[in-house]
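First the structure, in the form of structure tokens, and then the observations on it.
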Amino acid sequence: MKSLFPPGTIGIIGGGQLGNMMIYRSKKLGFRFAVLDREDAPAKALSDVFIEGSLKDAAALEKLAEVSDILTYEIEHINTDALDALYSRGVQLYPSPVTLRTIQDKLLQKELFIKKGLPTAPFFVEENPLTADFSSKTFPLVQKSRKEGYDGKGVKVLKNTADQPMNAPSIFEEMVDIDKELAVMVARGRDGSVKSFPVAEMAFNPDHNICDTVIAPARIDEKTAARATEIAVSIVEALDGVGIFGVELFLDKQGYILLNEVAPRPHNSGHYTMEGCVTCQYEQHVRAITGLPLGDTTLVRPSVMVNLLGEPVNKGKVVLDGFEESLKVPGVSIHLYGKAETRPFRKMGHFTVTADTIDEAIKNSEYIRGLLKIKGETK
Ligand code: ADP
């Protein structure tokens, strides 16, 4: 397959913030972008061609394919049957629908981890959790619906048999005694070449289970970082992935690394690469799917990324607090996603702070976290 050169058109299924950042970080290479999404999608403004429609609508996907040289996606919950139809007709689509199908189902992911001998939390499957008998099971358990989960939705901790499971075909994992949650962005080219980014550390907000801080490099020893990278690369190869992948891992209190899950797209834990690395995750994805050489992933400066979530009590038109003060902090870069309306905990943007040391980056990011608020007009 020939590489795609600028000014070829890349069609993105989904025009959320990830699609938008893919465009603003890759337009410099000279590519054109077509986007399929709802009318108010953040990526609409920067797209060269915008198709309004549902990501699950086969006819809309068909239209996107018509105006694009290759297709990719920024969200994994899309219509795989329609993608299969395009793919089997020879439409270039990365990552492939085969890779996507495995990732869309947490059971298939786990089965692949095990087949490849990659370490992961022990689990069992229940297709009908409401009628299943858990009396012989050891609690606590982490229930994960097989499909359609994201940002902790579709995940429930069951403390004992009195806790009602979610009513969806699910896997149930042993609770891992987590020391740190780690993430590695891995890019794999069409030719099988692979480059990984430095291992990052994810911190979660305990109130709503969304990862809201990413620290790169992770504060772990070299051996642990090498092991995390090795596992992350192995799973992307096992998936025959082409493009960028966000691989989430647990470091447990005994020092073992366990594979949690894989996202077939740019990932929150890779936002820091925009300021922190020579090549960012978005450009790397575009290089991978177009068949171009992968870029240098060296970390230029220690980085901390913080998600800007809508304040818990506000909604409506966005009102910013502390914006100017935050912009004065050395090493800061603020990204607002252009969403007109805020809601409690909605991902509205993020900022990254780079500094000479990770401690300084953490200190400056905490200062901004206390200052910069996304409020809404109404309560
Ligand atoms: P999602 O697809 O929603 O991101 P994850 O599988 O990443 O779901 O789970 C969300 C969060 O729940 C994880 O980041 C972690 O904090 C916690 N979690 C998931 N699985 C386990 C586990 N087996 N043991 C302990 N905590 C877990």
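Because the structure is predicted, anything quoted here is derived from the model rather than measured. In each ligand, atom 1 is the first atom listed, and ligand 1 is the first ligand listed.
- For ligand 1, the atoms lying closer than 4.0 Å to a non-hydrogen atom of Asn260 are 5 (P), 6 (O), 7 (O).
- Panel note: side chain Thr357, backbone Glu360; a donor-acceptor pair is recorded below 3.5 Å.
- Counting heavy atoms from C-beta on, the side chains of Tyr282 and Val286 never come closer than 4.5 Å.
- Within the listing of ligand 1, atoms 20 (N), 21 (C), 22 (C), 23 (N), 24 (N) sit less than 4.0 angstrom from a heavy atom of Val142.
- Remark: Glu341 does not engage Lys317 in a salt bridge, criterion side-chain N to carboxylate O under 4.0 Å.
- No side-chain heavy atom of Val194 sits under 4.5 Å from any side-chain heavy atom of Val236.
- Residue-to-ligand polar distances place Val176 within reach of ligand 1: an N/O pair is separated by less than 3.5 Å.
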For this session: Quick one: do Ile10 and Leu71 satisfy side chain to side chain contact (heavy atoms under 4.5 Å, CB included)? Show the steps, please.
Result: CA-CA 6 Å; Ile10 298 169; Leu71 292 184; over 6 Å; no
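- Short contacts between ligand 1 and Glu248, defined as distances under 4.0 Å to a heavy atom of the residue, involve ligand atoms 7 (O).
- Salt-bridge annotation for Lys63 and Glu66: absent, with no side-chain N of the basic residue lying under 4.0 Å from a carboxylate O of the acidic one.
- Shown here are the side chain to side chain contact (heavy atoms under 4.5 Å, CB included) partners of Lys373, two or more places apart in sequence or in another chain: Glu311, Asp321, Lys375.
- Counting the atoms of ligand 1 from 1 in the order shown, those under 4.0 Å from a heavy atom of Met175 are 24 (N), 25 (C).
- Every pair passing ring-ring contact (aromatic ring centres under 6.0 Å, His included) that includes a residue from residues 108-128 is listed here, sequence neighbours excluded: Phe124-Phe172.
- The heavy atom nearest to atom 16 (O) of ligand 1, considering only Lys106, Glu261, Glu181, is found in Glu181.
- Per-residue contacts place Glu173 under 4.0 angstrom from the following atoms of ligand 1 (heavy atoms of the residue considered): 20 (N), 21 (C), 22 (C), 23 (N).
- Close approach of ligand 1 to Lys144 is summarised as follows: ligand atoms under 4.0 Å from at least one heavy atom of the residue are 6 (O), 19 (C), 20 (N).
- Only the backbone of Glu174 comes within 4.0 Å of ligand 1, counting heavy atoms alone; no side-chain atom from C-beta on gets that close.
- Taking 4.0 Å as the cut-off, Phe250 counts as a neighbour of ligand 1 on heavy-atom distance.
- When the heavy-atom distances from atom 10 (C) of ligand 1 to Asp252, Val157, Val155, Ile178 are ranked, the shortest goes to Val155.
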